[in-house]
Amino acid sequence: MPESDRVTRMENSEIAAALLEIGELLEIAGESVFRVGAYERAAITIRSLSRDLGDIYDEGSLKALQSIGGIGKSTAEKIEEMLTTGRCGYLEELRQSLPASLVTMIQIPGVGPKKIKLFYDELGIESIDQLEEAAKTGGLRELKGMSAKSEENILKGIAAYHEHHERILLSDAYPLAAKIVGELRRHPALEQADMAGSLRRFRETIGDIDVLASSAAPEEVMDAFESLPQVAEVIARGATKSSVRTRAGLQVDLRVVAPHEYGAALQYFTGSKAHNIHLRELARKHDLKISEYGVFQMPAEKRIAGATEEEVYATLGLPLIPAVLREDTGEIEAAAEGRLPKLLGVDDICGDLHVHTNWSDAMPTIEQVAEAAIELGYAYVAISDHAFKLPVAGGLTPQQLEEQMDAIAAANEKYPEITILAGSEVNIDNDGNVDFDEELLARLDVVAASVHAGFGQDRAQITARTIGAIENPHVEIICHPTGRILGKRDPFAIDLDAVFKAAAEHNTALELNSFPDRLDLKDDYLREAKRAGVKIAINTDAHHAEQLRFVEYGVVTAQRGWLEAEDVINTYPLEKLRGWLGRGSTPSL
DNA sequence: GCCGTTTTCGGCCCGACTGTTTTCAGTCG
């Protein structure tokens with residue numbers, strides 16, 4: 001296919017969005033929940049693909065599309081239409097019968113497809129603003145099943161939507177959740193408490209915080225929970241469950257169960273939804289029923305497990321599946337076949353290969369970086385400041401880089417307990433070349449290269465640039481390969497498949513940037529990279545000494561990508577790392 | 001709409017809470 005056509009071709013994210021919208025419109029129209037769910041599942045699957053649907057289609061046409069799990073004939077045909085024409089006739093038809101703006105109302109807490117349909121049919125309401133107006137003027141209470149109370153709740157839901165309809169970063173949610181769990185654990189009536197939900201799975205963004213507790217006195221625990229200083233409002237309260245909204249606008253759900261049910265509840269409450277559905281389907285085939293209360297032998301409903309998660313999985317003949325893997329992307333099959341990965345941990349990390357100092361745009365001195373790295377128990381840390389073609393970040397000139405190498409040599413004298421590596425984060429220009437001449441690059445311990453400009457370039461160009469850097473024998477790591485910033489900037493249109501292939505061939509590592517709003521490469525892509533034989537470097541890109549601790553977010557993301565220690569070059573001891581870098585064992589002084 | 005070690009048709013995970021319901025629908029996770 002000529003490049004000019006390729007540029008206009010719909011991308012995975014656009015196709016996924018179209019399928020999701022189809023599902024949402026069908027849901028509002030009152031279609032079967034299974035049909036709706038099929039579109040939703042297809043959209044989720046497509047979002048997690050690292051390969052472009054266009055490439056898959058070019059290679060194997062409709063049949064290749066259908067070989068993707070959850071995509072059948074009908075969806076494959078719609079994808080084909082979108083790829084070849086850039087349009088989806090079925091979606092356009094649906095938009096004729098129902099206004100597309102209705103789908104945004106699904107995001108209002110407490111408002112679902114049935115009510116949206118009701119408001120549209122009876123009152124012609126098509127937008128959140130119109131709904132708000134109707135609720136304020138008492139226009140909804142006349143409708144069947146509605147009252148003044150319902151209007152009040154809808155207004156609350158709209159306020160919550162405006163305040164907080166985007167997911168928040170893992171790094172924002174985690175400390176808050178840890179504090180809440182910590183406070184609950186101090187309560188005398190409490191037996192156990194843990195985070196659950198997407199937070200326990202360490203997803204990169206979090207919709208709400210789920211907390212699970214066990215106690216013989218649930219009322220007391222829920223009272224204590226609702227009295228926490230962070231709580232602004234109690235949304236719902238039942239016998240076992242309490243939902244609150246924090247002052248920051250975040251919803252926190254607490255579920256309190258009996259101690260003997262804790263494992264089943266933790267399993268259920270951790271999710272993901274798709275993992276649980278798959279697990280429960282599997283259970284049914286074994287004449288078992290899994291719920292948050294336990295595992296039951298059917299049809300007698302005899303309870304056979306539930307105190308621990310291990311027990312729950314064991315009833316299906318499975319080992320405990322780590323929470324980070326529970327996304328129904330093959331972990332249940334892998335567990336059954338005894339091939340779950342041996343996930344790496346923070347303790348496996350021996351050093352950080354991408355840290356900035358006050359020589360360029362960051363705060364800490366070389367010495368402060370060294371001390372922070374020593375505190376983390378690292379064997380090495382690489383100073384990789386910006387290079388001169390990025391003047392906005394105070395990039396180092398060749399002269400300054402040489403001076404910095406001397407300063408690093410001096411710091412190595414001062415801190416014998418750690419090896420400070422001389423590195424650089426060079427810029428990949430439009431032709432795939434990088435800063436500094438070969439002689440200078442060769443004298444460094446490690447060179448990392450990044451795309452820092454031209455994010456909007458087309459796929460061919462941005463891919464070619466990156467591959468140019470991968471092929472450069474002096475470049476060992478490609479930093480933040482997709483350039484995304486969560487909530488701010490989309491990934492650029494890079495062909496990761498081609499990048500993985502080149503990186504594997506030239507033995508160039510790709511970075512997992514641990515900055516909480518980057519996490520780039522992301523989990524799904526890490527897994528694809530591993531399959532392609534690519535090595536990963538889990539770096540922080542720290543600009544403050546404290547940010548070296550962001551490595552924890554990188555490690556959990558790596559776990560979600562099924563990575564093992566051997567896949568990650570900075571789990572290697574110094575000599576092995578030097579061997580991999582191919583720069584010999586003589587420090588560059 | 002998808003899918004198949006009971007099926008190419010007939011299923012599709014399971015339960016809590018709210019509000020307005022006198023037995024349940026809608027929403028949520």
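Owing to the predicted nature of the structure, the values given are computational and were not obtained by experimental measurement. We name chains A, B, ... by the order of the sequence lines, and we start the count at 1 in each one.
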Without decimals, in angstroms, what is the distance between [X] [atom1] and [N] [atom2]?
X: Arg284(A); N: dC12(B); atom1: CZ; atom2: C1'; value: 8 Å
X: Phe34(A); N: dG1(B); atom1: CZ; atom2: C1'; value: 11 Å
X: Leu279(A); N: dG15(B); atom1: CG; atom2: P; value: 14 Å
X: Ile154(A); N: dG19(B); atom1: CD1; atom2: P; value: 12 Å
X: Leu140(A); N: dG19(B); atom1: CG; atom2: C1'; value: 15 Å
X: Ile332(A); N: dC13(B); atom1: CD1; atom2: P; value: 13 Å
X: Asp328(A); N: dC3(B); atom1: CG; atom2: P; value: 12 Å
X: Glu152(A); N: dT18(B); atom1: CD; atom2: C1'; value: 14 Å

When rounded to the nearest Å, what value does the distance between [atom1] atoms of [N] and [M] take?
N: dC17(B); M: dC13(B); atom1: P; value: 22 Å
N: dT22(B); M: dA16(B); atom1: P; value: 23 Å
N: dC9(B); M: dC14(B); atom1: C1'; value: 24 Å
N: dT8(B); M: dG4(B); atom1: C1'; value: 8 Å
N: dG19(B); M: dT23(B); atom1: C1'; value: 14 Å
N: dG1(B); M: dT5(B); atom1: C1'; value: 24 Å
N: dG10(B); M: dG15(B); atom1: P; value: 26 Å

So what does Ser243(A) touch, heavy atoms closer than 4.0 Å: a base, only the sugar-phosphate, or nothing?
nothing

What nucleic acid atoms does Ala239(A) come within less than 4.0 Å of, heavy atoms only: base, sugar-phosphate, or nothing?
sugar-phosphate

Which residues share a salt bridge (charged side-chain N to carboxylate O under 4.0 Å, His left out) with Glu122(A), sequence neighbours left out:
none

Nucleotide by nucleotide, 5' to 3', does protein get under 4.0 Å of the base (B), only the sugar-phosphate (S), or neither (-) in nucleotides 5-10 of chain B, counting heavy atoms?
------

What side-chain hydrogen bond (donor to acceptor under 3.5 Å, both in side chains) pairs are there with at least one residue in residues 182-191 of chain A, not counting sequence neighbours?
Arg185(A)-Asp194(A)

Assess whether a salt bridge exists between [X] and [Y], defined as any Lys/Arg side-chain N lying under 4.0 Å from an Asp/Glu carboxylate O.
X: Arg203(A); Y: Glu327(A); answer: no
X: Arg201(A); Y: Asp523(A); answer: no
X: Glu292(A); Y: Lys241(A); answer: no
X: Arg284(A); Y: Glu281(A); answer: no
X: Asp223(A); Y: Arg237(A); answer: yes
X: Arg459(A); Y: Asp55(A); answer: yes

Stepwise, does the ring pair (Phe, Tyr, Trp, His ring centres under 6.0 Å) test hold for Tyr268(A) with Tyr293(A)?
CA-CA 9 Å; Tyr268(A) 156 73; Tyr293(A) 297 108; 8.7 Å; no

May I ask you to list the residues of residues 256-264 of chain A, by number, that have any heavy atom positioned under 4.0 Å from an atom of DNA chain B?
none

Give the residues of residues 61-80 of chain A touching DNA chain B, defined as any heavy atom closer than 4.0 Å, sorted by residue number.
Gly69(A), Gly70(A), Ile71(A), Gly72(A), Lys73(A), Ser74(A), Thr75(A), Lys78(A)

So, Glu311(A) side chain and Ala307(A) main chain: donor-acceptor pair closer than 3.5 Å or not?
yes

Identify all pairs in which a protein N or O lies below 3.5 Å from an N or O of nucleotides 22-29 of chain B, and state each distance.
| residue | atom | partner | partner atom | Å |
| --- | --- | --- | --- | --- |
| dT27(B) | OP1 | Gly112(A) | N | 2.8 |
| dT27(B) | OP1 | Gly112(A) | O | 3.0 |
| dT27(B) | OP1 | Lys115(A) | N | 3.1 |
| dT27(B) | OP2 | Lys114(A) | N | 3.2 |
| dC28(B) | OP1 | Gly110(A) | N | 2.5 |
| dG29(B) | OP1 | Asp208(A) | OD2 | 3.3 |
| dG29(B) | N2 | Tyr268(A) | OH | 2.9 |
| dG29(B) | N3 | Tyr268(A) | OH | 3.3 |

Is it true that Ser242(A) and Glu226(A) share a donor-acceptor pair across their side chains at a distance under 3.5 Å?
yes

Surrounding OH of Tyr174(A) (heavy atoms of other residues, nucleotides or ligands, distance under 6.0 Å), is the total greater than 12?
no

So, applying side chain to side chain contact (heavy atoms under 4.5 Å, CB included) with Asp253(A), which one of Val211(A), Asp210(A), Val244(A) is it?
Asp210(A)

Which distance, rounded to the nearest 0.5 Å, do you find between the OG1 of Thr75(A) and the CD1 of Ile15(A)?
12.0 Å

Between dG19(B) and Asn153(A), is there an OP1 or OP2 to side-chain N/O distance shorter than 4.0 Å?
yes

For salt bridge (Lys or Arg N to Asp or Glu O under 4.0 Å), just list the numbers for Arg51(A) and Asp497(A), CA-CA rounded to whole Å, side-chain angles, deciding distance to a tenth of an Å, and then say yes or no.
CA-CA 6 Å; Arg51(A) 295 196 64 199; Asp497(A) 229 31; 2.9 Å; yes

5'-most contact on DNA chain B (nearest-nucleotide basis), Lys289(A) vs Arg237(A), goes to Lys289(A)

Measure from the side-chain heavy atoms of Glu281(A) and tell me the nearest of dC12(B), dG15(B), dG1(B).
dC12(B)

Using purine N1 to pyrimidine N3 plus N6-O4 or O6-N4 for Watson-Crick, or N1-O2 and O6-N3 for G-U wobble, each under 3.5 Å, what pairs with dT8(B)?
none

